[in-house]
Amino acid sequence: HMKKWFRCVLFLCVGLLLAGSTLVYAEPAADPLWTIAGEKVDPPEVNSPTAILIDKKTGVILYQKDANTAYHPASITKVMTALLTLENCSMDETVKFSYRATHELEDGATHIARTEDEEMCVKDCLYALLLASANEVAQALAEHISGTIEDFGVKMTERAKELGCTNTSFKNPSGLNDEDHFTTAHDMAIIMRQALNTPGFLEIDSTTVYEIPPTNKHSESTWVATKHPLLKGGDTPYDYAIAGKTGYTQIAGNSLVTYAKKDDAELICVIMNSQKGNRSSDTKNLFEYGFNNFTWYSMADDARQRLAEGSDADGPQVE
């Protein structure tokens, strides 16, 4: 039990000393085996060029690989779009699709076939955004909130800076290619953590299938399903994966943001600029590393328990 206790104390003390929400760097040692609580631990196998694993409760970094180098994020950008939507809109607001939102898309961009003057409520837009990764929906939300896609990009970048992101520039709400649209694995972990702490996000982002009701332009329902490979029904499901977002463009490569929970442990993993197969395997390896080698420990609960034990053993305590 001493080994487990030491790990727990080490982990929580770092989080408390850094005021909870601050991220602390944990660079891999030069030794090919890492030392945790005096014990040699194999590092996780990570083939992607950039990756990060953080504790969702505290923001403490458990693993990082080149996590502060900027890459094109592709559609994991939509996590920020969803965050700003939840922070600025009510779920029942009506979003009206413009000509620009429905027509200014790259060839091959994912969509749900919305047309000019079509109307959807914000709630349905968020499901289409996070599950189907619908790009015309991202643009319609941007215009709904900020008036133009460009102004929304400014708002995204400003919000990222407010959250503590240090190397992020957003130019559009979708993540479609723009040389000035970039972020880091570290910054995306910060954004995902804030999103998960925002009411409404987890309920939507953890849904695997959703029915969008008929609209003024579509007489039938539109079904959308998650593209995340690690969620239930995905290509390579992982038991503890709960929510997340995928991304891909030819320039950005494959990106993946994932939230997983096992017992009391809650972790966030970000992979960027990866091969399609590697993003899933790297994410699983990092989660297993985190779940198997770190334990949440409450010093406050322990202090109360020790006080109670002391009271039982030594008689009444003087206040």
Side-chain angles (χ1 to χ4, degrees), residues 23 44-67 71-83 126-127 129-133 165 175 183-198 201-209 225-248 252-294 296:
L23 294 181
E45 181 181 352
V46 177
N47 293 305
S48 301
T50 180
I52 196 167
L53 179 73
I54 71 168
D55 172 62
K56 185 256 186 185
K57 295 175 182 175
T58 64
V60 171
I61 296 176
L62 307 183
Y63 172 94
Q64 68 169 336
K65 177 182 179 182
D66 200 23
Y71 291 91
H72 297 297
S75 282
I76 59 175
T77 297
K78 295 183 175 87
V79 174
M80 175 58 91
T81 302
L83 173 61
L126 284 169
Y127 277 100
L129 178 80
L130 292 173
L131 273 64
S133 200
C165 299
T183 188
T184 69
H186 182 184
D187 286 357
M188 275 308 309
I190 294 174
I191 293 167
M192 183 63 171
R193 182 172 180 243
Q194 183 65 32
L196 288 167
N197 288 329
T198 301
F201 179 84
L202 181 57
E203 179 182 354
I204 295 170
D205 198 41
S206 61
T207 301
T208 55
V209 178
T226 183
K227 298 175 179 292
H228 200 296
L230 301 184
L231 300 187
K232 184 178 180 181
D235 296 336
T236 55
Y238 178 67
D239 288 343
Y240 308 112
I242 294 177
K245 184 73 188 75
T246 61
Y248 172 78
N254 288 274
S255 52
L256 194 65
V257 177
T258 314
Y259 163 64
K261 185 176 187 298
K262 182 180 181 182
D263 300 325
D264 291 332
E266 298 180 65
L267 305 179
I268 296 169
C269 180
V270 180
I271 302 290
M272 294 177 67
N273 194 231
S274 180
Q275 299 295 318
K276 187 173 183 179
N278 288 342
R279 71 177 181 179
S280 296
S281 59
D282 287 348
T283 298
K284 288 182 180 180
N285 289 342
L286 283 168
F287 280 140
E288 287 300 295
Y289 166 77
F291 289 138
N292 293 334
N293 292 291
F294 296 89
W296 178 257

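Bear in mind the structure is a predicted one, so any value in this text is a computation, not a measurement.
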Heavy-atom pair with the smallest gap, counting every atom of Val46 and Lys65: O-NZ, 2.9 Å
Under the side chain to side chain contact (heavy atoms under 4.5 Å, CB included) criterion, do Glu203 and Tyr127 qualify, and how do the steps go? CA-CA 10 Å; Glu203 179 182 354; Tyr127 277 100; 4.3 Å; yes
Could you work out, with side chain to side chain donor-acceptor pair (under 3.5 Å) as the rule, every residue matching Glu288, not counting sequence neighbours? Tyr238
Is there side-chain contact between Glu266 and Ile242, with heavy atoms separated by less than 4.5 Å? no
Rounded to the nearest 0.5 angstrom, the CG-CZ distance for Leu62 and Phe294 is 5.0 Å
Return yes if some donor-acceptor pair links the side-chain N/O of Lys262 with the main-chain N/O of Asp264 below 3.5 Å, else return no. no
Indicate yes or no for a side-chain donor-acceptor contact from Asp205 to the backbone of Ala243 under 3.5 Å, with no hydrogens or angles considered. no
Least distance between heavy atoms, Ala82 atom then Phe201 atom: CB-CE1, 4.0 Å
Smallest heavy-atom separation, Ser75 atom then Ser133 atom, equals OG-OG, 3.2 Å
Is the shortest heavy-atom distance from the side chain of Thr183 to the side chain of Met80 under 4.5 Å? no
Note: Leu286 and Cys269 closest approach over all heavy atoms is CD1-SG, 3.6 Å
When rounded to the nearest 0.5 angstrom, what distance separates CG in Asn254 from NZ in Lys276? 7.0 Å
Quick one: pull up OH in Tyr63 and CG in Asn293 and give me the separation to the nearest 0.5 Å. 13.5 Å
Ala74 backbone acceptor or donor facing His72 side chain under 3.5 Å: no
Gap separating the NZ atom of Lys57 from the CG atom of Leu267, nearest 0.5 angstrom: 9.5 Å
Could you work out, with salt bridge (Lys or Arg N to Asp or Glu O under 4.0 Å) as the rule, every residue matching Lys227, not counting sequence neighbours? none
Side chains of Pro229 and Leu256: does their closest heavy-atom pair fall under 4.5 Å? yes
Which heavy atom of Val79 sits nearest a heavy atom of Met192, and at what distance? CG1-SD, 3.9 Å
Look up atom OG1 in Thr198 and atom CG in Leu83, then write down how far apart they are to the nearest 0.5 Å. 5.0 Å
Between His228 and Ser206 (side chain of the first, backbone of the second, donor and acceptor by atom type, cut-off under 3.5 Å), is there such a pair? no
Over all atoms of both residues, closest heavy-atom pair of Ile54 and Arg193: CD1-CD, 4.2 Å
Roughly how far apart are Ile191 CD1 and Thr77 OG1, rounded to 0.5 Å? 8.5 Å
Please confirm whether Phe287 and Tyr240 have ring centers closer than 6.0 angstrom. no
Is a donor on one side and an acceptor on the other found under 3.5 Å between the side chain of Ser274 and the backbone of Arg279? yes
Set of residues satisfying side chain to side chain contact (heavy atoms under 4.5 Å, CB included) with respect to Tyr71, sequence neighbours excluded: Pro49, Thr50, Asp66, Thr69, Met272, Asn273
Whether the Thr283 and Thr258 side chains hold a donor-acceptor pair (N or O, under 3.5 Å, no angle test) is what I'd like checked. no
Checking Ser280 side chain against Gly277 main chain: does a donor-acceptor pair fall under 3.5 Å? no
Say whether, by atom type as modelled, one donor and one acceptor occur between the side chain of Asp282 and the main chain of Asn47 under 3.5 angstrom. yes
